[in-house]
K.L.:
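Mind having a look at this structure? Questions to follow.
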Amino acid sequence: MCGRFVAATEPFRLARYFDAEEWPVEQEKAWVPNYNTAPTQQVLAIRESAGQRRIEYLRWGLVPAWAEDLRIGSRMINARAETVTEKRSFSKPFKTQRCLVPVDGFYEWQVSQETGRKQPHYLFRGDGEPLALAGLWEVWNGGTEGPIETCTILTCAPNQTLAPIHDRMPVVLGRSAWGRWLDNGEHDTGYLQTLLVPAANDLILHHPIDTAVNSASNNHAWLREPVNPDALTTGDNALF
DNA sequence: CCAGACGTTGTT
DNA sequence: GTCTGG
DNA sequence: CCAGACGTTGTT
DNA sequence: GTCTGG
């Protein structure tokens, strides 16, 4: 699945990469990289309206319009690609409210069959480019402070690279798919669902990382650096 | 008809 | 065990 | 995703 | 809001 990720690429670079409108300088200055993005946090997403792509903050964890409060968002951080058309909370967003969530990489926890321990891994593109994750967004008007826009990330079966680590992975969309995915006028859910397949096996690399990533309050660039998993089991981390 | 759920993951 | 918060 | 809380009353 | 279950 996808429950934690890195968002460290500056918005102006994302704007170029996704052919989206640039941010005002003042807003760009306030941006900070996030090496441990967790559910309920604000994440940058790309949406399109009237043919114009924009980069905007959405709260991660989709909150349906009928929700009494925001809490349900913590459990709606992912939407299964296989069933997205059938689920009440996701079917309308899938038809008309799609977005991309750009990430530098994401984290997955590999559970050891023998010990039950969880080893976190960092997964990222070998060429250093961002990954465009397929997302859906929704608006919640239940609060007193005006509408809150939220999002979720689609998941699919793992490719051969991820299978040893986890049984789900986020849906990654290639450049050629962005156009129809972001076009709100595209209502061919049959076609759209054909885009929701595991990424090519050679697209994503991975390595084990420090368990410091476990706590969402830790946010350092070094969280995504490789460690020796054998050293970790003895409590002797050679890198730190 | 009304009432109650609406989601994913992982674990068992 | 289960829910909430980050 | 993982970490951390999970409850009330009354007193300070 | 919309679907499922009773």
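Residue numbers start from 1 in every chain, and the chains themselves are labelled A, B, ... in the order their sequence lines are given, proteins ahead of strands. What's counted below: heavy atoms across the whole structure, side chains too, no hydrogens, waters or symmetry copies. Owing to the predicted nature of the structure, the values given are computational and were not obtained by experimental measurement.
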K.L.:
With H187(A), which residues qualify under ring pair (Phe, Tyr, Trp, His ring centres under 6.0 Å), at least two apart?
P.N.:
none
K.L.:
Base, sugar-phosphate, or nothing: which does P39(A) touch, judged by heavy atoms less than 4.0 Å apart?
P.N.:
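Base, at least one base heavy atom under 4.0 Å.
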K.L.:
T83(A): which residues meet the side-chain hydrogen bond (donor to acceptor under 3.5 Å, both in side chains) condition with it, sequence neighbours left out?
P.N.:
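Per chain and number, T83(A) pairs via side-chain hydrogen bond (donor to acceptor under 3.5 Å, both in side chains) with no residue.
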K.L.:
Can you name the side-chain contact (heavy atoms from CB on, under 4.5 Å) partners of A199(A), sequence neighbours left out?
P.N.:
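A199(A) satisfies side-chain contact (heavy atoms from CB on, under 4.5 Å) with N159(A), M169(A), V172(A), L203(A), I204(A) only.
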K.L.:
For Q160(A), does the CD atom have more than 12 heavy-atom neighbours from other residues, nucleotides or ligands under 6.0 Å away?
P.N.:
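For Q160(A), atom CD is not crowded (no more than 12 foreign heavy atoms under 6.0 Å).
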K.L.:
If I pick the P atom on dG7(D) and the same atom on dG5(C), what distance separates them, to the nearest angstrom?
P.N.:
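Result for the P pair: 12 Å, nearest Å.
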K.L.:
Quick one: is S217(A) getting a side-chain N or O under 4.0 Å of the dA3(D) phosphate, OP1 or OP2?
P.N.:
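Checking dA3(D) against S217(A), no side-chain N or O comes under 4.0 Å of OP1 or OP2.
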K.L.:
Under 4.0 Å, heavy atoms only, any strand: does T37(A) hit a base, just the sugar-phosphate, or nothing?
P.N.:
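It contacts nothing in the nucleic acid.
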K.L.:
Can you give the dot-bracket line for DNA chain B, using ( ) for pairs inside the strand, [ ] for pairs that cross earlier ones, | for pairs with another strand and . for unpaired bases, where Watson-Crick and G-U count if both distances are under 3.5 Å?
P.N.:
||||||......
K.L.:
List the residues meeting side-chain hydrogen bond (donor to acceptor under 3.5 Å, both in side chains) with D69(A), not counting sequence neighbours, and say none if there are none.
P.N.:
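Partners of D69(A) under the side-chain hydrogen bond (donor to acceptor under 3.5 Å, both in side chains) test: R71(A).
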K.L.:
Identify whether any heavy atom of K118(A) sits under 4.0 Å from a base atom; if not, whether one sits that close to sugar-phosphate; answer base, sugar-phosphate or nothing.
P.N.:
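Touches sugar-phosphate only.
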K.L.:
Using a 4.0 Å heavy-atom cut-off across all strands, classify Y107(A) as base, sugar-phosphate, or nothing.
P.N.:
nothing
K.L.:
Ring pair (Phe, Tyr, Trp, His ring centres under 6.0 Å) with Y35(A): which residues, sequence neighbours excluded?
P.N.:
none
K.L.:
With sequence neighbours excluded, tell me which residues meet side-chain hydrogen bond (donor to acceptor under 3.5 Å, both in side chains) with R175(A).
P.N.:
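If we apply the side-chain hydrogen bond (donor to acceptor under 3.5 Å, both in side chains) test to R175(A), skipping adjacent residues, there are no hits.
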K.L.:
Apply salt bridge (charged side-chain N to carboxylate O under 4.0 Å, His left out) to E186(A) and list each qualifying residue two or more places apart in sequence or on a separate chain.
P.N.:
R180(A)
K.L.:
What's I77(A) touching, base or sugar-phosphate or nothing? Going by heavy atoms closer than 4.0 Å.
P.N.:
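The answer is base, as I77(A) lies within the cut-off (heavy atoms under 4.0 Å) of a base atom.
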K.L.:
So if I take residues 188-201 of chain A and measure heavy-atom distances to DNA chain C, which residues fall below 4.0 Å?
P.N.:
none
K.L.:
Among dT9(B), dT8(B), dC2(D), find the nucleotide with the atom closest to the side chain of R4(A).
P.N.:
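Taking heavy atoms from C-beta onward, the closest nucleotide is dC2(D).
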K.L.:
Assign a letter to each nucleotide of nucleotides 1-6 of chain E from its 5' end: B, base within under 4.0 Å of a protein heavy atom; S, sugar-phosphate only; -, no contact.
P.N.:
BBBS--
K.L.:
Taking only side-chain N and O atoms of S74(A), does any of them lie within less than 4.0 angstrom of OP1 or OP2 on dC1(D)?
P.N.:
no
K.L.:
Can you tell me if S49(A) and R54(A) form a side-chain donor-acceptor pair at under 3.5 Å?
P.N.:
yes
K.L.:
Please give the remaining members of the hydrophobic cluster of L58(A), linking ILVMFWY side chains under 4.5 Å, ordered by chain and number.
P.N.:
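W137(A), V139(A), which link up through side-chain heavy atoms under 4.5 Å apart, make up the rest of the cluster.
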K.L.:
Can you give the donor-acceptor pairs under 3.5 Å from side chains of residues 23-30 of chain A to other protein atoms, not counting sequence neighbours?
P.N.:
| residue | atom | partner | partner atom | Å |
| --- | --- | --- | --- | --- |
| W23(A) | NE1 | I55(A) | O | 2.8 |
| E28(A) | OE1 | F12(A) | N | 3.4 |
| E28(A) | OE2 | F12(A) | N | 3.2 |

K.L.:
Select base, sugar-phosphate, or nothing to describe what T155(A) touches, counting heavy atoms under 4.0 Å on all strands.
P.N.:
sugar-phosphate
K.L.:
Using atom P in both nucleotides, what's the gap between dC1(D) and dT9(B) to the nearest angstrom?
P.N.:
8 Å
K.L.:
Could you tell me whether the side chains of T9(A) and D104(A) share a donor-acceptor contact shorter than 3.5 Å?
P.N.:
yes
K.L.:
Identify whether any heavy atom of D167(A) sits under 4.0 Å from a base atom; if not, whether one sits that close to sugar-phosphate; answer base, sugar-phosphate or nothing.
P.N.:
sugar-phosphate
